[in-house]
2 protein chains.
Amino acid sequence: MSFGPRVLIVDDEVHLMKIIKTCLTREGYRVLQATTGERGLRMALEEKPDLVVLDVMLPGLDGVAVCAELRRLHFPAPVLMLTSKAEVEHRIRGLNTGADDYLPKPFDHREFLARVKALLRRQQRDEKKSFLLRFGDAHVDLEKRSATRGANPLKLTKTEFALLDLLAKNGGKSVSREQILDSVWGYTYFPTTRTVDTHIYRLRKKLGDDGEQPKWIQKIQGEGYCLSESTVVQPPE
Amino acid sequence: MSFGPRVLIVDDEVHLMKIIKTCLTREGYRVLQATTGERGLRMALEEKPDLVVLDVMLPGLDGVAVCAELRRLHFPAPVLMLTSKAEVEHRIRGLNTGADDYLPKPFDHREFLARVKALLRRQQRDEKKSFLLRFGDAHVDLEKRSATRGANPLKLTKTEFALLDLLAKNGGKSVSREQILDSVWGYTYFPTTRTVDTHIYRLRKKLGDDGEQPKWIQKIQGEGYCLSESTVVQPPE
DNA sequence: AACAAGGTGTCACAATCCTGTCACATATCG
DNA sequence: CGATATGTGACAGGATTGTGACACCTTGTT
């Protein structure tokens with residue numbers, strides 16, 4: 001659907017790098033590369049990738065040092081550390097300096113992929129604030145992905161949840177159609193603008209917001225849509 | 001300042017034991033010891049340590065057996081298994097019997113410490129899960145790993161228990177197929193997503209949730225599955 | 001006030017994707 | 001061996017979704 005997350009690989013073994021890159025690219029990730037600790041560190045800070053894959057053994061600043069520095073600067077993305085068997089000693093420090101996972105070399109590329117995905121998912125989940133929304137007698141829990149209308153369960157599709165997610169994240173601020181398309185459908189897909197309207201229409205209908213004047217999901221003429229603030233029940237904790 | 005976590009070591013090599021003990025004590029852990037599988041098992045159940053370190057090679061009950069027994073009783077703390085070099089090939093088996101991590105001997109004491117810490121951290125993160133589930137006339141005890149349907153005992157396979165475990169741990173929240181694969185099948189095995197559906201299908205059938213509308217195990221279209229909240233009877237204590 | 005021009009709401013429909021179901025081949029266990 | 005458990009592919013029925021057509025609304029202009 002969308003461009004995948006961006007992954008920075010810091011490794012000096014060109015061959016391995018190539019393999020990893022192919023592997024990730026094929027799955028739709030965007031790959032950034034660096035071959036020394038220093039460049040990796042700089043690139044991480046500048047490009048803010050969603051995940052960093054760090055080889056422990058690097059010329060100059062080694063992986064552990066890079067990781068420690070990233071953490072010291074409160075770099076938010078997860079770090080996956082690659083260690084070779086001979087580097088046992090480093091592996092230790094790897095876990096202690098804030099790497100979120102590590103993988104001993106040589107590894108199966110599928111396992112590598114599985115861990116990458118898992119780390120990104122976890123990240124995603126942590127970021128996602130669990131919002132509760134209320135539309136009259138309809139309640140929506142964005143975290144559990146469940147909804148009710150009065151006493152009855154209400155079935156929303158994943159696109160509808162994604163839409164609400166986006167609108168809720170922006171509070172009462174209006175969100176343009178373009179933003180919506182980018183966020184829900186991704187940059188690589190180009191549906192008609194009609195598509196957004198249709199989904200808004202369906203949402204409103206399910207939520208009972210189909211009176212004369214939509215109360216909960218409001219349009220900003222020539223601009224986009226926004227959630228009326230009264231719908232946000234609880235940004236938790 | 002509180003006492004550190006309690007770690008039970010089960011090993012018959014006195015020398016190694018001594019080293020480990022010093023090592024842990026210096027870091028503020030409280031150390032319990034046992035030199036045979038039987039005593040280790042008993043002590044684990046009685047003292048309920050926060051972590052168990054198990055040598056595979058033990059007189060009498062060996063490490064794998066102890067671990068299996070602990071898991072059968074749904075012992076909650078993580079288990080770190082110590083294996084000698086020759087047993088490396090078996091380490092996968094070790095993991096399959098319920099050990100949370102393993103460490104080949106001889107090991108660097110710093111790596112040992114790192115893994116201990118990592119396990120305890122992970123433990124801390126894991127939320128308390130609910131142990132008793134009810135699906136109409138079917139009851140499932142995740143702790144005892146037993147189930148009944150009406151008056152009859154109901155046999156669930158270990159995969160099915162693992163599935164329920166995961167779903168229950170996530171409360172009413174939806175769990176994606178990928179999460180399910182990672183958690184139940186692990187990073188090193190790669191079944192089709194079809195596999196998940198089939199197991200859900202079998203579970204539903206056994207639990208009697210195969211009416212028109214599945215009531216207990218619900219699908220979130222395009223997303224995954226979740227347990228309806230009414231199935232959770234009571235988190236203990 | 002009337003009009004033009006583009007933005008929106010509404011909806012039916014076909015294409016596509018997702019899930020339930022099951023038979024069958026393997027794997028595992030005793 | 002037999003019995004049970006597990007993974008896979010095929011398939012049908014359902015659910016979801018993008019699209020176009022058309023009516024209606026807004027806005028700004030004569």
Side-chain angles (χ1 to χ4, degrees), chain A residues 1-2 110 145 147 153-164 174-182 184-186 188-226, chain B residues 64-65 68 72 90 92-93 96-97 145 147 153-164 174-178 180-181 184-186 188-226:
Chain A
M1 253 217 229
S2 70
R110 288 168 305 178
R145 309 248 117 179
L154 180 59
K155 282 182 60 178
L156 300 183
T157 71
K158 69 164 185 269
T159 312
E160 286 156 358
F161 273 117
L163 244 176
L164 283 178
S174 86
V175 186
S176 76
R177 260 165 252 272
E178 302 219 333
Q179 276 176 279
I180 295 177
L181 285 174
D182 286 354
V184 177
W185 280 269
T188 50
Y189 192 73
F190 307 99
T192 320
T193 47
R194 221 86 290 285
T195 300
V196 175
D197 299 309
T198 303
H199 280 277
I200 291 283
Y201 164 67
R202 287 169 180 157
L203 249 183
R204 281 176 172 161
K205 208 159 188 185
K206 286 191 181 179
L207 297 173
D209 196 9
D210 49 357
E212 279 299 294
Q213 283 290 86
K215 291 189 291 281
W216 319 117
I217 302 180
Q218 294 167 331
K219 79 164 172 193
I220 312 292
Q221 175 92 16
E223 183 61 27
Y225 296 94
C226 79
Chain B
V64 176
R72 198 179 67 75
H90 294 152
I92 304 288
R93 291 203 175 277
N96 280 342
T97 47
R145 305 257 127 177
L154 181 59
K155 279 183 62 178
L156 299 184
T157 70
K158 68 168 184 273
T159 311
E160 285 157 356
F161 273 117
L163 242 176
L164 281 178
S174 83
V175 186
S176 76
R177 266 164 245 273
E178 300 220 326
I180 294 176
L181 285 175
V184 176
W185 280 268
T188 49
Y189 193 71
F190 309 94
T192 321
T193 48
R194 217 88 286 286
T195 300
V196 176
D197 296 303
T198 303
H199 280 276
I200 291 281
Y201 166 68
R202 288 167 181 157
L203 247 182
R204 281 177 173 160
K205 213 158 186 185
K206 286 190 181 179
L207 296 172
D209 196 9
D210 50 357
E212 279 298 295
Q213 284 288 86
K215 291 188 292 280
W216 320 118
I217 303 180
Q218 294 170 331
K219 78 165 171 195
I220 311 291
Q221 175 98 13
E223 187 69 22
Y225 296 94
C226 80

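Lettering of chains follows the sequences in order, A, B, ..., and the numbering in each one begins at 1.
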TODO: Rounded to the nearest angstrom, tell me the gap between atom CD1 in B:Ile217 and atom C1' in C:dG20.
DONE: 13 Å
Open item on the list: For A:Glu223, give me all partners under side-chain contact (heavy atoms from CB on, under 4.5 Å), at least two apart in sequence or on another chain.
Closed with: A:Ser174, A:Ser176, A:Ile220
Open item on the list: With no hydrogens and no angle check, just 3.5 Å: does a side-chain donor-acceptor pair link B:Gln213 and B:Lys215?
Closed with: no
TODO: Check the distance between D:dT26's P and A:Ile220's CD1 and give it to me in whole angstrom.
DONE: 13 Å
Open item on the list: Between P on C:dC22 and CZ on B:Arg204, what's the gap in Å once rounded to a whole number?
Closed with: 13 Å
Task: A:Arg202 with A:Glu160: basic N within carboxylate O range, under 4.0 Å - done: no
Task: Length of the CD-P vector between A:Glu223 and D:dT26, whole Å - done: 17 Å
Open item on the list: Just checking A:Glu178: does its CD atom have more than 12 heavy atoms from other residues, nucleotides or ligands closer to it than 6.0 angstrom?
Closed with: no
- [ ] Return the value, rounded to whole Å, for the distance between atom CG of B:Leu203 and atom P of C:dT19.
- [x] 17 Å
Task: N/O (side chain, B:Lys219) to phosphate O (OP1/OP2, D:dA15) under 4.0 Å - done: no
Task: 4.5 Å side-chain heavy-atom contact, A:Asp197 and A:Ile200 - done: no
TODO: Check whether any side-chain heavy atom of B:Lys206 sits under 4.5 Å from a side-chain heavy atom of B:Leu156, and report yes or no.
DONE: yes
Open item on the list: Let me spell it out: for each of A:Asp197 and B:Lys205, pick the nucleotide of DNA chain C with the closest heavy atom. Which residue's pick is nearer the 5' end?
Closed with: A:Asp197
Task: Rounded distance (Å) that lies between atom P of D:dA12 and atom OH of B:Tyr201 - done: 17 Å
Task: Spacing of A:Asp209 atom CG relative to C:dG9 atom C1', expressed in whole Å - done: 13 Å
Open item on the list: Protein within reach of the bases, or only the backbone? For nucleotides 2-11 of chain D, mark each nucleotide 5' to 3' as B, S or -, using heavy atoms under 4.0 Å.
Closed with: ---SBBBBB-
Open item on the list: Just so I know, are the side chains of A:Phe161 and A:Val184 near enough to count as touching, which here means a heavy-atom distance under 4.5 Å?
Closed with: no
TODO: Check whether any side-chain nitrogen or oxygen of B:Tyr225 sits under 4.0 Å from OP1 or OP2 of C:dG20, and answer yes or no.
DONE: yes
Open item on the list: Please pick, from C:dG9, C:dC22, C:dT8, the nucleotide with the shortest atom-to-atom distance to any side-chain atom of A:Arg177.
Closed with: C:dT8
